[in-house]
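Written below as structure tokens is the structure these notes are about.
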There are 2 protein chains.
Amino acid sequence: MEKTTLTTVPDEDFLRLDNQICFSLHAASRAFNGVYRTALKDLNLTYPQYLVMLVLWEHGELPVKRIGEYLRLDSGTLSPLLKRLEAAGYVERRRSPEDERSVTVRPTAEGAALREQALDVPRRIAAATGMPLERIRRLRDDLNALTARLDTADPDAADCAAADG
Amino acid sequence: MEKTTLTTVPDEDFLRLDNQICFSLHAASRAFNGVYRTALKDLNLTYPQYLVMLVLWEHGELPVKRIGEYLRLDSGTLSPLLKRLEAAGYVERRRSPEDERSVTVRPTAEGAALREQALDVPRRIAAATGMPLERIRRLRDDLNALTARLDTADPDAADCAAADG
DNA sequence: CGCCATTTAGTTGCGCACAACTAAATTGCG
DNA sequence: CGCAATTTAGTTGTGCGCAACTAAATGGCG
């Protein structure tokens, strides 16, 4: 009320709007996660484990480093996750012979077979969303754009000035 | 290849598209979280703690139950989180006199004062996104719609049939 | 060649999310 | 009233995510 910013939006309203956005994303992410949880229960995979398997199914065999790049995850997250996938019998880890620092991950026969069961998952998810594909695609594109922005701005974005540019 | 579904999208492509959507949401959520992390560093708040404080700033005083409803979080998440907020001196917890089961949470003077500093956070976030407010709003609406769908579909959405309706 | 910076995984610690459970208070029904 | 079902927080255990660190291998430079 008492102050109107250069962006034409009062501080208070801005705080409220912000509440909506950050919260919406947070809630959607968790809701999605929940649906995946039930959809993936039969496969004995968590959602992040499923993401890793998707990457491996597509690329066949990757060093941990590459998996991390595809999924934006570091070794702190991936190492234990991959251990669990290995314990479940879905992947194999081997130190690379030509570079002993690197660890190569690839699906086992069982892990590869799992892909057939996984083919049914996306449809169940799409059914759960009940959204037309077109809108889903738009959402995806918006999210990707947002992520790209946030990533470049992230490293202490403290003093970058204008929001409304 | 060998089978084309009723939804006109082959299984394989569907799996790939799915990869994109779920991953996009996951990545965006984490990217957002990262930006908030840096923006909230000065306030000594994590992102979920910030959400709780937003709710408390808006409503003044709430039982744990209500906070959980606003944020879709259960006591398993909230109890330790609120303990930490209490340890930080930002909130107070008191068992309700008229219903001893309930615990009432309200900001301390320090917690209330924190709001002033927090007013700057949304603008920093908006700056980091670099998106026009209109597009942000659209994104928010899409996400809310998605969450609503997912929530109703969630309880074992196994055999709900058609995605493309 | 020898040494230091870099790269790559892994480990530790902390916080969130969620399922499954416990504990205590309250409600309601016979 | 008395007891079972419900409501409300809290606890425990597991897994993800990230920061900060360690350990080992590699690459490059004097």
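Residue numbering restarts at 1 for every chain, and letters A, B, ... go by the order of the sequence lines. Below, each value reflects all heavy atoms present in this structure, side chains not excepted, and no hydrogens, waters or symmetry copies.
Taking every side-chain heavy atom of B:Gln49 into account, C:dG15 is the closest of C:dA25, C:dG15, C:dA9. Side-chain proximity of A:Val103 to C:dT6, D:dT7, C:dG10: nearest is C:dG10. Of the candidate nucleotides C:dA9, D:dA24, C:dT26, D:dA24 has the atom nearest to the side chain of A:Arg101.
Screening B:Leu43, B:Leu81, B:Leu40 for a side-chain contact (heavy atoms from CB on, under 4.5 Å) with B:Gln49, the sole residue that qualifies is B:Leu81.
A:Arg138 pairs by the side chain to side chain donor-acceptor pair (under 3.5 Å) definition with B:Asp142, not counting sequence neighbours. Among residues two or more places apart in sequence or in another chain, the side chain to side chain contact (heavy atoms under 4.5 Å, CB included) test is passed with A:Glu69 by A:Lys65, A:Arg66. When the ring-ring contact (aromatic ring centres under 6.0 Å, His included) test is applied to A:Tyr36, the partners found at least two apart in sequence or on another chain are A:Phe32, A:Tyr47, A:Tyr50. Evaluation of the side chain to side chain contact (heavy atoms under 4.5 Å, CB included) rule for A:Pro107 yields A:Leu56 as partners, not counting sequence neighbours. Listed by chain and number, the residues in a side chain to side chain contact (heavy atoms under 4.5 Å, CB included) with A:Thr77 are A:Leu73, A:Asp74 (sequence neighbours excluded). Listed by chain and residue number, nothing satisfies the side chain to side chain donor-acceptor pair (under 3.5 Å) test with B:Arg37 (two or more places apart in sequence, or in another chain).
Phosphate contact (OP1/OP2 of C:dA9, side-chain N/O of A:Ser102, threshold under 4.0 Å): present. Proximity of B:Lys83 to the phosphate of D:dT11: a side-chain N or O atom is located under 4.0 Å from OP1 or OP2.
Helical stems in DNA chain D, defined as runs of 3 or more consecutive Watson-Crick or G-U wobble pairs with both donor-acceptor distances under 3.5 Å, are listed by first residue as C:1-30 with D:1-30.
Rounded to whole Å, atom C1' of D:dT14 lies 16 Å from atom CG of A:Leu45. If you measure from atom CD of B:Glu69 to atom C1' of D:dT8, you get 11 Å, rounded to the nearest angstrom. Atoms CG (B:Asp99) and C1' (C:dT27) sit 10 Å apart, rounded to a whole Å. In this entry the distance linking NE2 of B:His26 with P of D:dG15 reads 16 Å, nearest Å. The distance between atom NZ of A:Lys65 and atom P of C:dG10, rounded to the nearest whole Å, is 14 Å. Rounded to whole Å, atom C1' of C:dG10 lies 13 Å from atom CD of A:Glu86. Nucleotide D:dG15 holds its C1' atom 14 Å from the CG atom of A:Leu40, rounded to whole Å. A straight line from CZ of B:Phe32 to P of D:dG17 spans 18 Å, rounded to a whole angstrom.
Applying the ring-ring contact (aromatic ring centres under 6.0 Å, His included) test to pairs two or more places apart or on separate chains, none has a residue in residues 93-143 of chain A. Within the structure, ring-ring contact (aromatic ring centres under 6.0 Å, His included) contacts touching residues 59-82 of chain B (residues at least two apart or in different chains) are B:His59-B:Tyr70. For the ring-ring contact (aromatic ring centres under 6.0 Å, His included) condition, no pair includes a residue of residues 89-124 of chain B, sequence neighbours left out.
Other residues, nucleotides and ligands contribute only 12 or fewer heavy atoms inside 6.0 Å of the CZ atom of B:Arg94. In the displayed structure, A:Arg95 atom CZ is contacted under 6.0 Å by more than 12 heavy atoms of other residues, nucleotides or ligands.
Within the 4.0 angstrom heavy-atom criterion, no nucleotide atom of any strand lies near A:Leu78.
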Any N/O pairs under 3.5 Å between the protein and nucleotides 18-20 of chain D? List them or say none.
unit_1 : atom_1 : unit_2  : atom_2 : d
D:dC18 : OP2    : B:Arg30 : NH1    : 3.2

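For the segment residues 90-98 of chain B, residues with any heavy atom less than 4.0 angstrom from an atom of DNA chain C are, sorted by number, B:Glu98.
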